[in-house]
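Here the structure is laid out as structure tokens; the discussion comes afterwards.
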Amino acid sequence: MEEVIEAEDSTASLATWLLLFFIATLSFWTQAAVTEERFVPSLNVIANFFSIPDDVAGATLMAAGASSPELFSSVVALFVTHSALGLGTIVGSEIFNQLVICAGAVMAARRGTLTLDRAIVTREVGFYALSIGLLYNALKDRRYDPDDPPGSPARIYISVLDAALLFGAYVLYVVVCGNFDAIVGCFSRGGKEVKKEEERPIMPRGRSKRVPIQVDERMPFLQRTIKEPTENFQSSVLPPASQKDLLVEAEQGGTQQQSAVNLYGTLGSTRLDQVGAPGVGSETDNGGGTGSGGNNHVRFAENAAAGASDRGSDRSGAWSILGKFSDGLSIRLFTFLAESEKPSDQHDLYDLEVNAFEERLSCFLWQRSIFYNKAKVALHGWHLRWFNFTHDRMASVPDRRNFSEHQLRYPNFREMEVDEDRLIIRLKNPNPARRDYFLMAPSTQVFEEVVKKCEELMKVWEDMRESRRGVGSGGEESGEGGKTSSHSPASPDPVEIDAFQDDEGGEGEDGNANPEPSLIEFPSGEGYIAVVMHCILFPLKLLMHLTIPDVRNLSSEGDPRVSLTWSFVSVTSCLMWLIVGSYAMVASLEKIAFLMNIPDAVIGVTVSAAGTSLPNYVASQCAARQGFGNMAVSNAFGSNTFNILVGLGLPWVLYTTFVTKGEPYDGLRDDGIVASVIILASVLLAFVVLILWSDFILYRWHAPAFLGLYALYLAYSIGQVYIGGIGN
């Protein structure tokens with residue numbers, strides 16, 4: 001009778017197969033969306049509130065958030081479905097992270113190579129090797145149960161001591177991460193090498209407003225950024241000299257280039273102006289007003305040789321029409337056309353627009369997200385914004401649709417810190433109670449122009465402060481809105497507070513500078529596939545939107561607007577969603593494995609591992625493109641360490657302590673999983689040999705080699721079933 005049922009199950013209808021694959025795919029998406037869009041930002045807010053050190057937060061809360069799909073799949077498989085799929089998922093994820101993510105990071109690197117930081121990579125690889133050794137030690141007790149049918153795989157017995165060793169090793173890892181700088185200093189002759197890196201003059205000092213970046217407790221994320229090798233931020237292709245000359249000639253030569261470059265360059269500035277960018281239309285505009293009809297707008301695409309597309313020829317329709325209208329009423333008539341596109345639909349990443357008449361500069365910059373500043377690698381860690389610098393104000397909008405509703409205004413900062421090698425700018429907030437802003441330029445040319453413009457702004461604001469102090473000392477009213485200059489020496493200067501006000505004097509409390517669109521926002525202007533996927537996922541997106549609070553809520557001044565209580569509510573909701581999503585994934589994949597007559601562990605190391613690790617792959621590629629390739633590779637090994645020591649160690653400790661009451665856990669079968677652990681160690685050894693041979697540099701040819709090794713591993717895992725005869 002059992003054979004008949006098994007035969008019927010193995011010949012399930014097409015609808016059953018499609019339903020199972022749909023549920024599995026949906027569970028992968030759910031876990032990825034909840035983790036990246038809700039769970040990680042909520043944990044980041046909690047870590048910032050309690051001022052948890054960056055390395056400790058990254059190795060605990062943020063690691064738990066980023067690896068939550070693997071962790072919860074292990075918990076569900078152990079406590080609910082009692083299968084080996086959780087162990088297989090983690091082992092498969094280890095190999096995926098080590099090979100595929102490293103290959104993707106190298107392929108996405110700016111120069112086609114990745115320079116690895118010796119100390120960080122040694123730490124991550126060393127603890128990963130330790131975790132593999134402890135995992136093999138935990139799985140070494142394999143015995144055949146006399147009650148099992150003949151030919152059954154051996155049972156694996158995991159003792160509470162072996163499980164405790166795994167989890168205890170991660171406690172040691174956290175301690176090392178929290179004191180890593182001191183440890184490195186002990187091995188670098190009293191810290192001389194570290195001191196050299198921190199105190200090296202990064203750029204020549206300007207008018208006493210530009211100072212080198214110093215790594216301290218106020219800039220936790222830069223403790224990792226500074227350690228990122230500068231070679232990873234450099235591009236392998238330089239723009240031709242003729243294009244550099246274009247910018248100089250355009251700044252000096254009047255309006256000769258206007259007809260060629262003003263088609264959609266004007267639109268970018270006009271749109272920012274008309275939606276209320278600070279400083280436009282004010283009495284300090286020197287008569288320039290908001291018009292652009294007679295001004296000299298320049299579009300400078302510095303990396304055309306690197307493949308950036310010139311989209312000017314595609315803008316001859318609505319965009320050139322928009323450019324002809326300079327007054328606010330006319331431009332509003334065409335708002336429906338403008339709002340259907342993002343800034344990146346009108347401008348290339350390397351566009352640098354200069355309006356010499358209005359003293360205006362517009363360009364793309366990445367801005368560090370305050371909701372991901374504790375995460376080592378996150379897809380939304382740096383968000384792209386279109387910046388508009390006038391002669392006395394600075395504003396930006398996110399690269400999203402309806403961007404005019406999400407404008408961010410910046411304070412009149414007195415000081416900035418720059419890193420010429422990594423193209424990073426820190427704008428120091430004059431109000432100590434508010435956060436600083438970290439910007440990163442896409443190229444050296446954009447970086448230099450932005451730094452120069454910021455220095456000009458600081459000079460203008462210094463003159464404004466001196467003027468206000470002079471008026472205030474005479475007892476007269478000063479500032480916009482009738483504010484006086486009387487204030488305590490320790491309080492922020494009134495001009496700093498007024499910097500956030502628009503031309504009508506409003507504070508913009510109802511503003512929303514969120515860079516990321518809502519989950520339920522319709523993807524207007526996207527391709528057919530994106531629209532179809534949105535419609536299919538919309539019920540799930542709506543339910544997620546209504547049940548999980550989104551803590552990524554910024555005011556128009558860039559300050560978070562979320563309470564600690566709301567963050568804990570979001571974390572609790574995320575945990576529930578992750579448990580349900582993990583159960584759906586485990587149950588559907590176990591059913592698929594049963595129908596295909598293959599072990600749960602095999603489908604875990606293949607399908608489940610790739611599905612849960614794919615978001616990390618995308619985030620690592622994004623980080624490598626921005627120059628953080630070393631961080632992406634290190635994060636891959638750090639995730640592997642967490643998956644083994646916590647993703648397996650913690651559930652096993654809980655199970656052997658509270659379920660088996662100290663007796664070994666014997667619910668696992670040796671379906672080739674021990675051999676996979678040996679493969680883990682072999683692949684790690686090959687990786688270490690490669691980086692030592694190449695002097696801690698990953699070249700582009702490493703990518704196909706890693707992918708080839710991963711393909712061989714998949715072939716081996718599948719071959720165990722169809723050639724080796726291993727089955728359920």
Side-chain angles (χ1 to χ4, degrees), residues 243-302 310 312 315-316 319-332 334 338 343 346-348 350-365 386-397 404 407 409-410 412 445-464 499 502-503:
Q243 290 182 324
K244 296 180 181 179
D245 296 339
L246 172 62
L247 178 63
V248 178
E249 294 174 1
E251 290 178 328
Q252 299 175 350
T255 61
Q256 296 180 359
Q257 291 87 359
Q258 180 178 353
S259 61
V261 299
N262 193 30
L263 289 179
Y264 68 93
T266 304
L267 175 64
S269 299
T270 304
R271 290 173 65 178
L272 271 171
D273 299 349
Q274 299 300 332
V275 299
V280 179
S282 64
E283 61 185 7
T284 57
D285 258 345
N286 297 330
T290 60
S292 59
N295 302 336
N296 177 28
H297 289 257
V298 176
R299 174 180 180 275
F300 173 66
E302 63 147 341
D310 185 354
R315 310 292 174 177
S316 57
W319 306 123
S320 59
I321 293 175
L322 279 170
K324 296 177 182 178
F325 291 89
S326 58
D327 61 286
L329 177 62
S330 300
I331 195 69
R332 291 189 186 97
F334 295 90
Q346 309 161 38
H347 311 278
D348 291 325
Y350 299 87
D351 281 359
L352 186 63
E353 296 181 2
V354 179
N355 185 322
F357 183 80
E358 293 184 357
E359 302 180 36
R360 187 188 314 281
L361 174 69
S362 300
C363 63
F364 273 122
L365 294 172
W386 179 254
F387 279 75
N388 188 43
F389 301 84
T390 66
H391 75 285
D392 66 342
R393 297 294 175 94
M394 174 181 172
S396 71
V397 294
S404 62
Q407 182 184 181
R409 296 171 289 181
Y410 297 84
N412 295 354
Q445 285 73 20
V446 173
F447 173 80
E448 292 174 349
E449 291 298 320
V450 169
V451 169
K452 183 172 67 173
K453 185 64 178 179
C454 288
E455 289 188 325
E456 294 174 359
L457 285 172
M458 286 191 291
K459 184 178 186 304
V460 171
W461 293 332
E462 181 64 29
D463 294 341
M464 293 170 59
D502 55 28
D503 295 329

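When reading the values below, keep in mind they use all heavy atoms of this one structure, side chains included, and skip hydrogens, waters and symmetry mates. On a predicted model such as this, the values are computed, not experimentally measured, just so you know.
The shortest heavy-atom contact between W461 and D392 is NE1-O, 2.8 Å. In plain terms, the two heavy atoms of V446 and C363 that are nearest each other are CG1-SG, 3.9 Å. Taking all atoms of both residues into account, the shortest heavy-atom contact from P343 to V397 is CG-CG2, 4.4 Å.
Checking R393, E353, R360, Q407 one by one against N388, the side chain to side chain contact (heavy atoms under 4.5 Å, CB included) holds for a single residue, R360.
For L361, the side-chain contact (heavy atoms from CB on, under 4.5 Å) criterion is met by L352, V354, F389, E449, V450, K453, not counting sequence neighbours.
The aromatic rings of W386 and H347 sit parallel to each other, their planes meeting at less than 30°, with 60° as the upper class boundary.
With hydrogens and angles disregarded, no donor-acceptor distance shorter than 3.5 Å links the side chain of D463 to the backbone of V460.
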Next on the checklist: Run the side-chain contact (heavy atoms from CB on, under 4.5 Å) test on T390 and E358 for me, step by step, so that the C-alpha distance in whole Å, both residues' side-chain angles and the decisive distance to 0.1 Å come before the verdict.
Outcome noted: CA-CA 7 Å; T390 66; E358 293 184 357; over 6 Å; no
